[in-house]
Structures are given as C-alpha cells and as structure tokens.
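To start, the structure under review is shown below, and the notes come after it.
This one's a predicted model, so the numbers in the text were calculated from it and none came from an experiment.
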Amino acid sequence: MKLFNTLTQSLQEFKPINDTVSIYVCGVTPYDTTHLGHAFTYITFDTLIRYLEYKGHTVKYVQNVTDIDDDVLRKARELDMKWDDLGNREIERFLGEMDSLNWRRPDVYARATDEMERIVQLNEGLLERGLAYVSEGCVFYDVRKDPEFGKMAQAVGLNDYHSMLTIANERGNFPDDKRKRDPLDFVLWQAQAPGEPAWESPWGPGRPGWHIECSSMAMHYLGQQIDIHGGGADLNFPHHTCEIAQSEHYSGKAPFVRTWMHVGMVYQDGEKMSKSLGNLTLVRNLLKEYSADAIRLVLQSHHYRYQWECFPEDLKIAAANAYLFTQVRELVGPELRGEDSMLHNRFIAAMDNDLNTPEATLLLKHAAQQALEEKNINLGSEILRLTKVLGLTA
RNA sequence: GGCGACGUAGCCAAGUGGUAAGGCACGGCUCUGCAAAAGCUGCACCAGCGGUUCAAGUCCGCUCGUCGCCUCCA
C-alpha cells in the first residue's frame, strides 16, 4: 500500500515498523460541537484502520483529547460551567456522534489531564538536553537550539526557518512575551494564571503547552517511533512541526513518525468550515436526516487529502447509493455466498493507492447496479464484504 | 506582506505526456392512461498567453482569478 507522507511530500510504500501498526491521530478540544470536518478526519482514519485490519494487520490506535486548554476554560466561563464538566459533556457528545457514524473507537482515548506526570518528564528531558529553558514558571522550547525546527512547515510550503522567524516577528503576536528568547519559541509548560486549574511541576503549578501532550501520549502508548500520525491539515503547522521537534529531541530518534497524514479541510459557503466563522454543518443535524452509511459515503466519495465543499445534493446522492447497498443485502440475504475476484482486486488496487476511497466507492456503486441487474449473488456477496471494510452497515 | 495550493462542461469531479472517466442538473427517446420511477441517448477545443516535445489538461515560464497558511482550529 502506498500512502502520501506530508513530510516528504511523496507517495511511499507503507511498511509498519513492527507487527502491530501504530497510529496516532490528533483529537478534538472538547468545548464545542462536532462538525462535518471533524467527521471527515476521523472517518478517514477509521476507514484506513478498517482497511489495514482487513489486510491482516493488527492496529493500535491512539487518539488524544485536549481536555484542558484556553478554549475549554474560556467556553466554560461563558457558559458558567466548571471546565471539567464542560469537557466531560463535550467528550461524551463527540464520542456519541462518532459512534453513530459507526467508527471504530481508538484503542486508547487519552486525556491531557491524565498525562501530566509524563508531560513533566518530557519537559525535564528537553531541559536536560538544552533544548528548553525555564522562565518565570514557564518552560519554553528553544527554537534557536534546534536547526532542524520547521521541517514539517517547510514541507507544506512554509519556506525556511529564517522566513518563519521574520514573519513571526512581523506579525508580532507573541514576540512581546518577554519571557521568551525568540518569538518562535513555544510553550511546553505554562505557569498557572489566577483562577485557572493547575498541576504541580518542578517549575511551580501550571499546565501543559499546546503541543506537548501529543508527543507525550504518542511516545508513551506507541513508542518513540510510530508508523502513522494523522490529523487535520490545519495541524501541520505549528502543531505537528512542534511535535516533531519535541519528540525527536527527547528520544534522540528520528523520524518520530514514518508517515504523516493530513486530511483536507471541509468547506461551507466557499470558506473553510470553522467554529470561529460559524459556517458549520453539524454531524448531529445530519444524523437527523441521513443514515450513517450515507454520511460515510459522502465523506468517502472525496479523497482525504483534498479540500471539498459539502452540498445538499451530494448527501442525497450518497443516500441513494447507500440504498443500493441495502438492496444488494436484500438480494444476497444475511449469509454471504461466493466471491468476485475482479471486483476485489480493483477495490484493493484503489485502496492501496493512497486510500483512494472515491474510486473504491464508485467501483462498489457500479458493481451494485450490476449485481442487482443480474441478480448476481457472488458479486453481491463481494460488495457486502467490501462495504463492510468501508465501515458501512448494509 | 511572505509562502503555498488550486483554476477541466450549469454544478461536483477523474485525469501524474499519447485521440477528455463518472455523478448531478438539463434536452431528446422508450416504457407508462398522465405523472413519477427506470432504461437508452445527447451535451467540453481542460482560465489566458508563450515555451519544451513527434505528441500537453498533464512539463516549464508569465498573466489573471479563487482559496489556504502564517493566530486557536479536524
């Protein structure tokens, strides 16, 4: 199977390091609702994992949830809720809605607040190696000590280190922070602010920076080098750029990740779907009108690396296609009988080509039309076997 | 401002040098008492200009346009 590695910007033959494929996917911050963009990302990895398992791999899948950060605290204040109550509520909603889409839950769903001890260790390690420094109860990553910083940023077109530095200075969002040595330095541990929750650390009470939890969890649950690390395309910089820096300098092993996979953004009204713009299609609302299979088919009819916009018409088409597969199920019955190697091989070829689900779903659709026309039980059985690989419930 | 991506029919979209998939919409036909559904069928000089090549949507350059990232974001 070939997968596109964001870091090298090329298709690479996928070969796991060990028998068990290690996959880490950046999860959500639980302060708001689940929209179609989230579903696209997580159904993409759900599909990948189902496919890998179908091909005989054992997969260990870890996803984080950032249950303590600025957004959670801010939203909790707005709602006059306790921050952890808000987090718990939104985590339940997220998991519930993803369950409704028939996703395979991660083997480990890790909370940032359960990770404190190891995050502190990671900070200590980076301090020992001279790649971080303490300043007024905070720990910062020292980008000047890391000539390799920004590999991922470069890969996605964000020029080089010096340009990033220049731009960051021009923009001036953080250089005013006198606690930092360099405007690009980022927080590994931040000192407690008045009224905010805090955890103990050698540098005083505080909480983790924005990127450190993922380094910590990935290395703890999966090892210092992992097979696949994924997330939305908006995470490649700065989040994954910083993750690479932290992880590789802590472990002394590179690459931290064999294959970086980034999922394209979903658009609405011509712009990127985002909480701040409010142009959201909510999974919860879609589920009122469409089946999980229809929603999955809409997502899978787009290739994961590319951005797209969801139109109502596409959902109707997907629902019609989902119906085709239920008709195939009626034709075949509960027991699968026979196979169709032609369809199987074409499906494998599509999926092996960087998870080309648009082609795979199209193949299955045409096969379904044919099977129904010919009342072909063998073909129908094969279709149902493969739709199951896509996580469909027909 | 810097950097990057993209620009294929009304819309979505495949296509990684060799006579332009597919889907939706639309038109025609078949079937049906009408309609719907279904089936058949029709519908593109690939943003513009220049270059490389026997051959370019596909490679290179420029222009125009759209979007993204650089700031929390799947």
Side-chain angles (χ1 to χ4, degrees), chain A residues 2 4 9-11 25-46 63-66 69-75 94 98 150 152-160 162-175 183-184 186 209-211 230-241 261-267 269-281 283 297-299 301-318 320-321 350 353-354 356 358-359 361-363 365-366 369 372-373:
Chain A
K2 285 192 166 66
F4 187 86
Q9 291 288 294
S10 61
L11 283 173
V25 176
C26 288
V28 294
T29 301
Y31 70 97
D32 215 325
T33 190
T34 308
H35 60 64
L36 196 61
H38 297 119
F40 188 45
T41 295
Y42 302 115
I43 293 304
T44 290
F45 288 104
D46 180 71
Q63 186 175 136
N64 71 302
V65 55
T66 309
D69 90 338
D70 291 346
D71 286 319
V72 173
L73 295 173
R74 176 181 55 74
K75 189 68 183 279
F94 171 75
M98 291 308 299
M152 175 64 81
Q154 281 182 57
V156 296
L158 280 174
N159 47 47
D160 57 18
H162 292 291
S163 303
M164 284 196 299
L165 206 63
T166 308
I167 292 159
N169 276 323
E170 282 173 0
R171 301 296 295 185
N173 278 311
F174 287 95
L184 262 190
F186 55 93
W210 301 302
H211 315 298
D234 51 354
L235 294 180
N236 51 32
F237 184 89
H239 185 59
H240 291 156
T241 303
M261 293 177 67
H262 289 96
V263 179
M265 298 289 103
V266 179
Y267 282 57
D269 305 323
E271 290 181 287
K272 190 178 119 181
M273 195 176 285
S274 73
K275 291 169 183 171
S276 55
L277 288 172
N279 55 339
L280 305 176
T281 299
V283 170
L297 279 168
V298 165
L299 301 173
S301 70
H302 297 89
H303 189 267
Y304 77 89
R305 272 168 42 205
Y306 300 101
Q307 61 183 53
W308 54 285
E309 178 158 349
C310 186
F311 297 100
E313 195 60 34
D314 298 328
L315 282 157
K316 294 197 180 101
I317 294 165
N321 291 341
N353 180 21
D354 196 26
N356 192 339
E359 187 174 332
T361 51
L362 191 62
L363 279 171
K365 175 196 172 174
H366 289 155
Q369 289 169 329
L372 292 170
E373 170 92 8

*Assign A:G27 to base, sugar-phosphate, or nothing according to its heavy-atom contacts below 4.0 angstrom with the strands shown.*
sugar-phosphate

_Checking contacts here: which listed nucleotide (B:rC67, B:rC70, B:rA74) is nearest the side-chain heavy atoms of A:Q307?_
B:rC67

*Once you round it to whole Å, what is the distance between P of B:rU16 and CD of A:Q9?*
19 Å

_Base partner of B:rG57, which must satisfy Watson-Crick or wobble distances under 3.5 Å_ = none

*asked:* Between B:rA5 and B:rG61, how many Å separate the two P atoms, rounded to a whole number?
replied: 11 Å

_salt bridge (Lys or Arg N to Asp or Glu O under 4.0 Å) partners of A:D234, counting only residues at least two apart_ = A:K272

*Side chains of A:Y267 and A:N279: donor-acceptor distance under 3.5 Å anywhere?*
no

_Closest heavy-atom pair and its distance - A:T241, A:M152_ = OG1-CB, 3.6 Å

*Of all the heavy-atom pairs spanning A:H239 and A:C26, show the shortest one and how long it is.*
NE2-SG, 3.5 Å

_Which nucleotide wins on minimum distance to the side chain of A:K275, given the candidates B:rC72, B:rC70, B:rA74?_
B:rA74

*Using a cut-off of 4.0 Å on non-hydrogen atoms, how would the nucleic acid contact of A:H35 be classed: base, sugar-phosphate, or nothing?*
base

*Indicate whether OP1 or OP2 belonging to B:rA74 is found under 4.0 Å from a side-chain N or O atom of A:K272.*
no

_Out of B:rC67, B:rA74, B:rC12, whichever nucleotide has its closest atom nearest the side chain of A:F311_ = B:rC12

*Hunt down the Watson-Crick or G-U wobble partner of B:rG27, both distances under 3.5 Å, from any strand shown, or write none.*
B:rU41

*Once you round it to whole Å, what is the distance between P of B:rC70 and CZ of A:F186?*
15 Å

*In Watson-Crick or G-U wobble terms, both distances under 3.5 Å, what is the partner of B:rA21?*
none

*asked:* Between P on B:rA13 and NE2 on A:H302, what's the gap in Å once rounded to a whole number?
replied: 6 Å

*What is the base-pairing partner of B:rU52, counting Watson-Crick and G-U wobble geometry with both distances under 3.5 Å?*
none

*asked:* Check this one for me: any side-chain N or O of A:K75 less than 4.0 Å away from OP1 or OP2 of B:rC72?
replied: no

*asked:* Heavy atoms only, 4.0 Å cut-off, all strands: where does A:F40 land among base, sugar-phosphate and nothing?
replied: nothing

*Going from CZ on A:F94 to OG1 on A:T29, what distance comes out if it is rounded to the nearest 0.5 angstrom?*
10.5 Å

_Pairwise C1' distance, B:rG51 and B:rA56 [rounded to whole Å]_ = 12 Å

*With rounding to whole Å, what would you report as the distance between B:rC31 and B:rU58 at their C1' atoms?*
44 Å

*B:rA35 pairs with which nucleotide, Watson-Crick or G-U wobble, both distances below 3.5 Å?*
none

*For RNA chain B, whose closest nucleotide is more 5', that of A:G37 or that of A:D314?*
A:D314

_Distance, rounded to the nearest Å, where A:H211 contributes NE2 and B:rU71 contributes P_ = 10 Å

*Residue whose closest nucleotide on RNA chain B lies nearer the 5' end, A:E271 versus A:L362*: A:L362

*State the pairing partner of B:rC67; accept Watson-Crick or G-U wobble contacts with both distances under 3.5 Å, and report none otherwise.*
B:rG4

*Pick the P atom in B:rU16 and in B:rU30, then give their distance to the nearest Å.*
40 Å

*Base paired to B:rU16 (Watson-Crick or G-U; both N/O distances under 3.5 angstrom)*: none

*Go through the structure and list residues passing side-chain hydrogen bond (donor to acceptor under 3.5 Å, both in side chains) with A:H302, not counting sequence neighbours.*
none

*When rounded to the nearest Å, what value does the distance between P atoms of B:rG50 and B:rA13 take?*
29 Å

*Looking at A:T66 and A:P30, what are the two nearest heavy atoms and their distance?*
O-CD, 3.0 Å

*Selection from B:rC67, B:rC72, B:rA74 that lies nearest to any side-chain heavy atom of A:D71*: B:rC72

*Of all the nucleotides listed (B:rC67, B:rC73, B:rA74), which has the minimum atom distance to the side chain of A:S274?*
B:rC73

*Distance, nearest 0.5 Å, that separates NZ of A:K275 from CG of A:D32*: 5.0 Å

*Interatomic distance at P, B:rA9 relative to B:rC45, whole Å*: 9 Å

*Sticking with atom P, work out how far B:rG10 lies from B:rC26, rounded to a whole angstrom.*
15 Å

*Check the distance between B:rC69's C1' and A:F237's CZ and give it to me in whole angstrom.*
9 Å

*A:D234 CG to B:rC73 P: how many Å, rounded?*
7 Å

*Please give the nucleotide sitting opposite B:rC46 as a Watson-Crick or G-U wobble pair, both distances under 3.5 Å, or none.*
none

*When rounded to the nearest Å, what value does the distance between P atoms of B:rC59 and B:rG2 take?*
25 Å

